[in-house]
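These notes concern the structure reproduced below.
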Amino acid sequence: MKFPSLFFLAPMAEITTPALRRLITEFDDRVVLHSEMLSAGAIVSGGFHNDCMTARFPFDGHFIYQIEGGDAEVMAEACRILSGNGPLGININMGCPVSKMMKKGHGAALLLDERRAARIVRACRRATQLPLSVKMRSGYDRDDEAALVRFAGMLRDEGADYIVLHPRYAKLRYTRRARWDLVRLLKESVGLPVVGNGDIVTAKGALARMKETGCDGVMIGRGAVASPWIFLQCNALAKGEECDITIDIRGLFIKGLRYIEEYLPAHLHRSRGHRFSFYFSGNIFHSHSLYSEIRKEHSIGEMIGLVDGYFQRNPREVEKRLRHDGDE
Ligand SMILES: Cc1cc2nc3c(=O)[nH]c(=O)nc-3n(C[C@H](O)[C@H](O)[C@H](O)COP(=O)(O)O)c2cc1C
């Protein structure tokens with residue numbers, strides 16, 4: 001299959017909100033976006049606060065829903081329901097290492113239960129004609145290259161159209177470096193398009209990993225929250241163009257928080273405001289002290305007040321000039 005872009009925004013619980021998606025697409029609307037991880041059970045039962053999580057907005061051009069669960073029929077039904085919203089595709093989560101999910105046999109626990117994982121992909125394949133992908137870790141409690149290739153082959157045989165690999169085994173969570181050599185291994189062995197993911201924080205890094213591994217796309221998570229402009233730089237570099245931009249850090253920080261207020265119901269403002277601030281505050285010098293103040297606040301208005309105060313005290317940090325794409 002042909003992707004509309006080489007670059008993908010990773011699905012991130014509590015982070016890939018409409019607010020972040022809008023912030024990112026205001027820089028570059030070619031990027032392939034993902035929803036937050038959505039519980040298939042909650043989608044099917046129709047309860048929960050789903051509407052704001054499943055809603056699509058004009059800026060959600062190339063948009064993929066990510067679903068998580070452990071029951072093939074429920075996953076398939078969620079696929080059917082979400083396919084009705086006309087997304088670009090559906091992604092199945094086989095990578096989440098959070099123990100609450102793994103105990104239920106969801107997320108990365110599926111890497112240990114190949115038969116159940118196969119049933120899920122088979123049922124979802126029957127449920128939708130849209131591109132179907134699986135996002136997975138490179139293993140559960142260790143990297144086993146043969147097991148990785150066999151599992152990915154099973155996904156292909158059951159009808160997955162491509163695989164997103166975050167090449168860290170699940171028990172590592174986010175420690176150590178992502179093993180991009182495993183992205184290359186998968187690309188060379190599975191006969192499906194492979195999107196690589198992990199530790200990309202610059203456009204140079206994205207292009208270098210793509211070149212080294214031959215992967216078909218690069219997915220960026222935390223680096224895109226800290227630098228919502230990164231996809232613009234990636235696309236410029238991919239075309240060999242200069243990308244010399246000045247970023248209004250203060251304005252973007254406030255805009256990101258305001259969009260959370262605009263697009264999400266009040267009960268999500270605190271968690272989403274904190275999550276966004278945690279990563280975006282990495283752009284400023286005293287990020288730690290500003291973030292620890294923001295963490296005490298519940299409303300977006302109060303968070304914005306703190307951000308505003310910070311930049312009044314540190315006016316030299318209001319803007320950041322980025323030449324080329326930054327160093328790797
Ligand atoms: C706060 C947070 C939430 C995440 N939530 C999800 C999720 O819901 N689904 C998923 O497949 N991966 C999730 N991830 C993993 C990311 O999609 C990605 O695989 C990982 O962060 C590595 O990419 P990066 O180094 O570019 O951030 C999450 C990561 C973080 C940091």
Side-chain angles (χ1 to χ4, degrees), residues 7-17 19-21 24 31-40 42-43 53-54 64-69 75 78 89-102 104 106-111 117 120 132-139 155 160 162-180 182-183 194-210 215 217-228 230-231 233-234 268 271-282 291 328:
F7 306 106
F8 294 61
L9 171 67
M12 286 180 285
E14 301 195 341
I15 299 185
T16 44
T17 60
L20 182 70
R21 303 196 304 261
I24 283 175
V31 56
V32 177
L33 303 163
H34 283 82
S35 68
E36 296 189 41
M37 166 172 75
L38 303 167
S39 153
I43 300 283
M53 312 259 268
T54 58
I64 294 177
Y65 286 113
Q66 187 190 59
I67 54 172
E68 65 84 12
M75 291 288 272
I90 306 282
N91 178 265
I92 300 173
N93 183 317
M94 295 197 190
C96 183
V98 173
S99 57
K100 196 172 74 179
M101 277 188 41
M102 297 224 284
K104 293 190 280 184
H106 301 185
L110 289 167
L111 302 175
I120 289 175
L132 181 68
S133 56
V134 173
K135 180 165 179 283
M136 63 182 291
R137 295 287 191 129
S138 45
L155 298 176
Y162 67 97
I163 294 172
V164 181
L165 181 65
H166 176 196
R168 273 188 180 98
Y169 59 84
K171 288 259 170 179
L172 285 177
R173 297 182 72 113
Y174 295 94
T175 57
R176 300 201 199 151
R177 303 290 299 166
R179 281 193 54 194
W180 280 80
L182 297 176
V183 174
V194 174
V195 174
N197 163 239
D199 300 339
I200 301 293
V201 290
T202 64
K204 249 187 202 161
L207 272 292
R209 297 298 90 75
M210 196 173 264
C215 68
V218 168
M219 176 179 277
I220 306 178
R222 293 164 294 174
V225 199
S227 309
I230 195 169
F231 298 106
Q233 296 173 310
C234 286
L268 299 181
S271 60
R272 276 35 175 196
H274 290 180
R275 283 283 197 189
F276 170 70
S277 301
F278 175 75
Y279 290 101
F280 195 79
S281 62
Y291 179 64
E328 203 185 322

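Counting starts at 1 for both ligands and their atoms, in listed order. Index from 1, following the sequence. If you're wondering where the values come from, they're calculated on a predicted model, not measured in any experiment.
- Residues His166 and Arg168 have side chains that bring a donor and an acceptor to within less than 3.5 angstrom of each other.
- When heavy-atom distances to ligand 1 are checked against 4.0 Å, the residues falling inside are Ala10, Pro11, Met12, Ala13, Ile15, Met37, Gln66, Asn93, Lys135, His166, Tyr174, Asn197, Gly198, Asp199, Ile220, Gly221, Arg222, Arg275, Tyr279, ordered by chain and number.
- Inter-residue side-chain proximity for Ile220 and Ile230 is flagged as met; some heavy-atom pair is nearer than 4.5 Å.
- Remark: Glu36 does not engage Arg275 in a salt bridge, criterion side-chain N to carboxylate O under 4.0 Å.
- With salt bridges taken as basic N to acidic carboxylate O contacts below 4.0 Å, one links Arg222 and Asp199.
- For Asn91 and Gln66, the side-chain atoms include at least one donor-acceptor pair closer than 3.5 Å.
- Atom OG of Ser39 and atom NE2 of His106 lie 7.5 Å apart (nearest 0.5 Å).
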